[in-house]
Amino acid sequence: MDSLRFNSLVIHAGQAPEATSGAVMPPIFQTSTYAQEAPGVHQGHEYARVTNPTRSALEALLAGLENGTDAMAFASGCAAMDALLKILRPGDEVLSVNDLYGGTFRLMTKVFEPYGIRFRFLDLTDLDALKAALTERTRMVWIETPTNPLLNIVDIAAVTTICRAHSPRVITVVDNTFASPYLQRPLDLGAHAVVHSTTKYLGGHSDVVGGAVITSDPELIEHVRFQVKTTGAVPGPMDCYLVLRGIKTLSVRMERACRNAADLAEWLNNHPDVKSVNWPGFPGHRGHEIAKRQMTDFGAMVSFTLKQDDVPSAHRFMSATRVFTLAESLGGVESLISHPVSMTHASIPREQRLQAGLGDSLIRLSVGIEDVDDLRADLQRAFDSLR
């Protein structure tokens, strides 16, 4: 499988017809335990919290897509992040991008910080700021790129190089949810681990919740495997099957969604009611050249600020759409619209949001695969509602 290109890997990586029946798709092994010939003598599975054949098939596929040696699937993206953060100990420090998912911020500051772990949020697009922030206590650098929701681009290769030169103890983690392995592969750029909410682009149909950690680091995977066995935040076999099924169409979905997003971003950028648009495909975007280098396309996420830069205007705008669904999440075949300040990033204090550039009227679009003319007309309907 090493010679296959990505569009073939999403179908075949880590996958083979099921041995006993020849089933082309991995079966759903709906079982909690497995028969053993003698104590400790089994066919590779003892108890379903630890392993499940359907989950193992998903993990093999995820590892193949990210060019990692191992993957572990979780019940949610937050569970996957939690497992990675549990490598930390009191006194350790984490440097994180200052424009990140509100759930990640909440997990770091409300769950782990009280245990004596320090989190510092900074602009990781500023490499000099990163160098200045690294200390002897720094144990992990947490990257989102493109960031959520401002779509800033972090140079993964540059950050990982700086971290490795500073200390071999520093673990670099990339949340690759916004990009998916279709757009970028952080392990190839030097990252120690990749984390995903498989709920999003990998699942692709807004019908399952899941997460994953992928790595080629043997110590990291043993830590994550221990967390799976001990804390048990694992997905059920049906959830794994749904993500497996979703991944099969990842390439074709991403190609269409990225094309739609590019069209809408250009249109919004010239709209009289729009103050600014965030999309790394613009030549003027400060991360454009990095995105061209480390991504295969610019993604299907777009965010923008209204000329009427206030919360009521944003709420009125979003309530007027009919094709875009007002909902949290992203990465499904359907287009979603959300207000980070009120929804996904409400857990971040307003002062901190504004400092990062996340304004009151910022609207985030997860562009789906509908006809782009219908999406454009739907947004125009929402603009008309502001008059």
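In this chain, numbering begins with 1 at the start of the sequence shown.
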*Asks:* Do you know which two heavy atoms are closest between Val274 and Leu268, and how far apart they sit?
*Replies:* CB-O, 3.5 Å

*Asks:* With clusters built from Ile, Leu, Val, Met, Phe, Trp and Tyr whose side-chain heavy atoms come within less than 4.5 Å, directly or transitively, what are the remaining members of the cluster of Val333, listed by chain and number?
*Replies:* Ile369

*Asks:* Return each pair, listed once, that meets side chain to side chain donor-acceptor pair (under 3.5 Å) where at least one residue sits in residues 223-234; pairs must be two or more places apart or across chains.
*Replies:* Glu222-Arg225

*Asks:* Assess the pair Phe317 and Phe304: is the distance between their ring centroids shorter than 6.0 Å?
*Replies:* yes

*Asks:* Does any part of the side chain of Thr138, heavy atoms only, come nearer than 4.5 Å to the side chain of Leu95, both counted from C-beta?
*Replies:* yes

*Asks:* Is a side-chain N or O of His205 found less than 3.5 angstrom from the main chain of Gly246, in a donor-acceptor match?
*Replies:* no

*Asks:* Any side-chain donor-acceptor pair under 3.5 Å between Asn260 and Glu370?
*Replies:* no

*Asks:* Side chains of Arg364 and Asn148: donor-acceptor distance under 3.5 Å anywhere?
*Replies:* yes

*Asks:* May I ask you to decide if Lys275's main-chain N or O and Lys307's side chain share a donor-acceptor pair within less than 3.5 Å?
*Replies:* no

*Asks:* Counting N and O atoms only, with roles assigned by atom type, does the side chain of Thr198 sit under 3.5 Å from a partner on the main chain of Leu202, one being a donor and the other an acceptor?
*Replies:* no

*Asks:* Checking side-chain contact (heavy atoms from CB on, under 4.5 Å) for the pair Leu220/Ile171: CA distance, chi angles, key distance, verdict?
*Replies:* CA-CA 9 Å; Leu220 264 182; Ile171 299 166; 4.1 Å; yes

*Asks:* Taking side-chain hydrogen bond (donor to acceptor under 3.5 Å, both in side chains) as the definition, give me every residue that meets it alongside Glu18, ordered by chain and number, with sequence neighbours left out.
*Replies:* Thr20, Ser21

*Asks:* Rounded to the nearest 0.5 Å, what separation is found between the NZ atom of Lys292 and the CG atom of Asp297?
*Replies:* 12.5 Å

*Asks:* Would you say the ring centers of Phe105 and Phe121 fall short of 6.0 Å from each other?
*Replies:* yes

*Asks:* In terms of hydrophobic clusters joined by side-chain contacts under 4.5 Å, are Leu4 and Leu250 together?
*Replies:* yes

*Asks:* If only atom types and distance count, is the side chain of Arg49 paired as donor or acceptor with the main-chain N or O of Val234 below 3.5 Å?
*Replies:* no

*Asks:* Under a single-linkage definition using a 4.5 Å side-chain heavy-atom cutoff for Ile, Leu, Val, Met, Phe, Trp and Tyr, are Met140 and Val159 assigned to the same hydrophobic cluster?
*Replies:* yes

*Asks:* So which heavy atom on Ser338 is nearest to which on Leu326, and how close?
*Replies:* CA-CD1, 4.3 Å

*Asks:* If we ignore hydrogens and angles and just use 3.5 Å, is the side chain of Thr31 paired with the main-chain N or O of Thr33 as donor and acceptor?
*Replies:* yes

*Asks:* Is the NZ atom of Lys86 crowded by more than 12 outside heavy atoms at less than 6.0 Å?
*Replies:* yes

*Asks:* If you look at every heavy atom in Ser335 and Leu375, which pair is closest and at what distance?
*Replies:* OG-CD2, 3.4 Å

*Asks:* What pairs with Tyr101 under ring-ring contact (aromatic ring centres under 6.0 Å, His included), at least two apart in sequence or on another chain?
*Replies:* none

*Asks:* Would you indicate whether the side-chain heavy atoms of Ile221 and Thr69 approach each other to under 4.5 Å?
*Replies:* no

*Asks:* Without swapping roles, check the side chain of Asp309 against the backbone of Thr305 for a donor-acceptor pair under 3.5 Å.
*Replies:* no

*Asks:* Ion pair present between Arg259 and Asp263, side-chain N to carboxylate O less than 4.0 angstrom?
*Replies:* no

*Asks:* With heavy-atom distances below 4.5 Å as the criterion, would you say the side chains of Asn52 and Cys240 are in contact?
*Replies:* no

*Asks:* Might you point out which heavy atoms bring Ile162 and Leu134 nearest each other, and give the distance in Å?
*Replies:* CG2-CD1, 3.8 Å

*Asks:* Would you say the side chains of Asn7 and Ser251 form a donor-acceptor pair under 3.5 Å?
*Replies:* yes

*Asks:* Is Tyr47 reachable from Phe226 through a run of I, L, V, M, F, W or Y residues, each pair having side-chain heavy atoms under 4.5 Å apart?
*Replies:* no

*Asks:* Do the side chains of Ile153 and Thr125 get nearer than 4.5 Å, heavy atoms only?
*Replies:* no

*Asks:* Not counting sequence neighbours, which residues clear ring-ring contact (aromatic ring centres under 6.0 Å, His included) with His192? List them please.
*Replies:* none

*Asks:* Test of understanding: with side-chain hydrogen bond (donor to acceptor under 3.5 Å, both in side chains), list the residues that count as partners of Glu46, not counting sequence neighbours.
*Replies:* none

*Asks:* Any salt bridge between Arg118 and Asp92, counting N to O under 4.0 Å?
*Replies:* no

*Asks:* Is it true that, when you exclude Glu219 itself, more than 12 heavy atoms of the residues, nucleotides or ligands shown sit nearer than 6.0 Å to its CD?
*Replies:* no

*Asks:* Taking only residues two or more places apart in sequence or in another chain, which ones pass ring-ring contact (aromatic ring centres under 6.0 Å, His included) with His285?
*Replies:* none

*Asks:* Which pair of heavy atoms, one from Val154 and one from Gln294, lies closest together, and at what distance?
*Replies:* O-NE2, 2.8 Å

*Asks:* Decide yes or no for Arg55 and Val228: does some side-chain heavy atom of the first lie under 4.5 Å from some side-chain heavy atom of the second?
*Replies:* yes

*Asks:* Decide yes or no on side-chain contact (heavy atoms from CB on, under 4.5 Å) for Cys258 and Leu183, but give the supporting numbers first.
*Replies:* CA-CA 10 Å; Cys258 288; Leu183 296 179; 4.2 Å; yes

*Asks:* Tell me if a side-chain donor or acceptor on Ser303 pairs with a main-chain N or O of Leu150 at a distance below 3.5 Å.
*Replies:* no

*Asks:* Does Asn176 reach the main-chain N or O of Gln184 with its side chain, forming a donor-acceptor pair under 3.5 Å?
*Replies:* yes

*Asks:* For a quick check under 3.5 Å, do Glu334 and Ser206 share a side-chain donor-acceptor pair by atom type?
*Replies:* yes

*Asks:* Determine whether His288 and Phe298 satisfy the following criterion, ring-ring contact (aromatic ring centres under 6.0 Å, His included), listing intermediate values before the conclusion.
*Replies:* CA-CA 9 Å; His288 177 71; Phe298 299 109; 5.2 Å; yes

*Asks:* Got a donor-acceptor contact below 3.5 angstrom from the Thr161 side chain to the Ala157 backbone?
*Replies:* yes

*Asks:* Is the shortest side-chain heavy-atom distance between Leu264 and Val372 below 4.5 Å?
*Replies:* yes

*Asks:* Between Thr321 and Val323, is there a donor-acceptor pair closer than 3.5 Å when you use the side chain of the first and the backbone of the second?
*Replies:* no

*Asks:* Would you call Arg164 and Val170 a side-chain contact if the rule is heavy atoms closer than 4.5 Å?
*Replies:* no

*Asks:* Please walk me through it: do Thr215 and Asp217 pass side-chain hydrogen bond (donor to acceptor under 3.5 Å, both in side chains)?
*Replies:* CA-CA 5 Å; Thr215 183; Asp217 186 303; 5.4 Å; no

*Asks:* For residues Trp142 and Thr104, determine if any side-chain heavy atom of one lies less than 4.5 Å from a side-chain heavy atom of the other.
*Replies:* yes

*Asks:* Over all heavy atoms of both residues, which pair between Leu62 and Ala212 is shortest? Give the atoms and the distance, please.
*Replies:* CD1-CB, 3.6 Å

*Asks:* Which residue pairs pass the salt bridge (charged side-chain N to carboxylate O under 4.0 Å, His left out) test with at least one member in residues 132-160, sequence neighbours excluded?
*Replies:* Asp155-Arg293

*Asks:* May I have all residue pairs that pass side chain to side chain donor-acceptor pair (under 3.5 Å) and include part of residues 378-387, sequence neighbours excluded?
*Replies:* His271-Gln380, Asp273-Arg387, Asp378-Arg381, Gln380-Asp384, Asp384-Arg387

*Asks:* How would you list all residue pairs meeting salt bridge (charged side-chain N to carboxylate O under 4.0 Å, His left out) that involve residues 119-128, not counting sequence neighbours?
*Replies:* Glu93-Arg120, Asp123-Arg286

*Asks:* Quick one: ring-ring contact (aromatic ring centres under 6.0 Å, His included) partners of Tyr34, sequence neighbours excluded?
*Replies:* His45

*Asks:* Per the side chain to side chain donor-acceptor pair (under 3.5 Å) rule, what does the pair list look like for residues 235-245, sequence neighbours excluded?
*Replies:* Asp207-Arg245

